[in-house]
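I have placed the structure first, in the form of structure tokens, so that the comments after it can refer back to it.
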Amino acid sequence: MTALGFLYPGHSGEDDYPRIEQLLGSDIRVDLVHTDTGEDAHRVDALLEMGSPRRLAAGVEELRLSGADAVVWACTSGSFVHGWEGAQEQVRALARSAGLPASSTSFAFVHAAQEIGARRVAVGATYPDDVARLFADFLGAAGVEVTGVVSSGIVTAAEAGTWTEAEVLALARSADRPDAEAVLLPGTALHTVAHIPALEKELGKPVLTANQVTVWEGLRLADRRVNAPELGALFTREPVVQV
């Protein structure tokens, strides 16, 4: 049994995690602990506080007791807003606190893009433009070229969590660029897991979404490879363990 631990801010798109667990197979457990978000606002000051060490540390002990093999801070904006160096320190502090391998959704996007060989990507974000640009800067710091950024101007995670498949597809379509090798949809508040096959079919290229890459990152930390095509091109890489 591989147990993956996730610190998830508040309540918005967490339904994606049991769905992913079901698609991964019976020997992988996905444990979710909800952290206190403070103010639900895609504003830099609020996001910095949401990902502060004291808020993350509050959920760590529960994950340790669950027997998790790795822990991931399941939040994109609450990690990249700290910048490249700050996000690294955030993960190091989480690893020290948990006594486990640790990462965050922002680094998950970087590692997932590298995994599928995508050097140029397009970004479709629900965030306001200034926050979306910080994500593009974060990717750039990792050597991933961002060919375009589309932002929807949504201020709260709660609102993003209400988006339908049609709205997610529209965002992905508007974000896509001919020279992008993949389309990235950040924001763990957004329900995307059920829509990944349709997204990739529509765009004809890999689509990386926040909750998808977050769980993949947990598997990477736990040294597991799982073939689960319903979770998109990211989960069809070799070598694999067939579900």
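Bear in mind that the values here come from a model prediction, so they are computed numbers and not experimental data. Reckoned from all heavy atoms, side chains included, excluding hydrogens, waters and symmetry mates.
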Lys/Arg N to Asp/Glu carboxylate O, Glu89 vs Arg96, below 4.0 Å: yes
Donor-acceptor pair between Thr188 and Thr105 side chains, under 3.5 angstrom: no
Glu62, CD: over 12 other non-hydrogen atoms inside 6.0 angstrom: no
Val71 side chain reached by Leu94 side chain, heavy atoms, under 4.5 Å: yes
Audit row: Val123, Leu185, side chain to side chain contact (heavy atoms under 4.5 Å, CB included) steps and yes/no: CA-CA 6 Å; Val123 172; Leu185 303 181; over 6 Å; no
Check: Phe107 ring centroid to Trp84 ring centroid under 6.0 Å: yes
CG-OG1 distance between Leu219 and Thr214, expressed to the nearest 0.5 angstrom: 11.0 Å
Where Leu24 and Ala228 come nearest, the two heavy atoms and their spacing: CD2-CB, 4.4 Å
Residue list, side-chain contact (heavy atoms from CB on, under 4.5 Å) with Glu200, at least two apart or on another chain: Ile196, Pro206, Val207, Ala233
Donor-acceptor contact below 3.5 Å, side chain Gln212 vs main chain Val193: no
Parallel, tilted or perpendicular: ring planes of Tyr8 versus Tyr17, cut at 30 and 60 degrees: perpendicular
Main-chain N/O of Ala175 paired to Arg177 side chain as donor or acceptor, under 3.5 Å: yes
Atom pair CG/OG of Leu4 and Ser66 - distance to nearest 0.5 Å: 10.0 Å
Glu230, CD atom: more than 12 neighbouring heavy atoms under 6.0 Å: no
Under-4.0 Å salt bridge between Arg133 and Asp129: yes
Within 6.0 angstrom of Arg29 CZ, more than 12 heavy atoms from elsewhere: yes
Trp163 and Leu171: CA distance, side-chain angles, deciding distance, side chain to side chain contact (heavy atoms under 4.5 Å, CB included) verdict: CA-CA 10 Å; Trp163 270 33; Leu171 175 62; 3.9 Å; yes
Thr2: partners by side chain to side chain donor-acceptor pair (under 3.5 Å), with sequence neighbours left out: Arg224
Centroid separation Phe135 to Phe109 less than 6.0 Å: yes
From Leu190 atom CG to Thr76 atom OG1, the distance as rounded to the nearest 0.5 Å: 10.0 Å
Partner residues of Arg119 under the side chain to side chain donor-acceptor pair (under 3.5 Å) criterion, sequence neighbours left out: none
Distance (rounded to the nearest 0.5 Å) between Phe80 CZ and Asp137 CG: 9.5 Å
Pairwise distance OG1(Thr236) to CG(Leu231) - rounded to 0.5 angstrom: 10.5 Å
Side-chain H-bond candidate by donor/acceptor type, Glu167 with Thr164, under 3.5 Å: yes
Inter-residue atom distance Trp216.CH2 - Leu221.CG, 0.5 Å rounding: 9.0 Å
Flag if over 12 foreign heavy atoms under 6.0 Å of CG, Asp179: yes
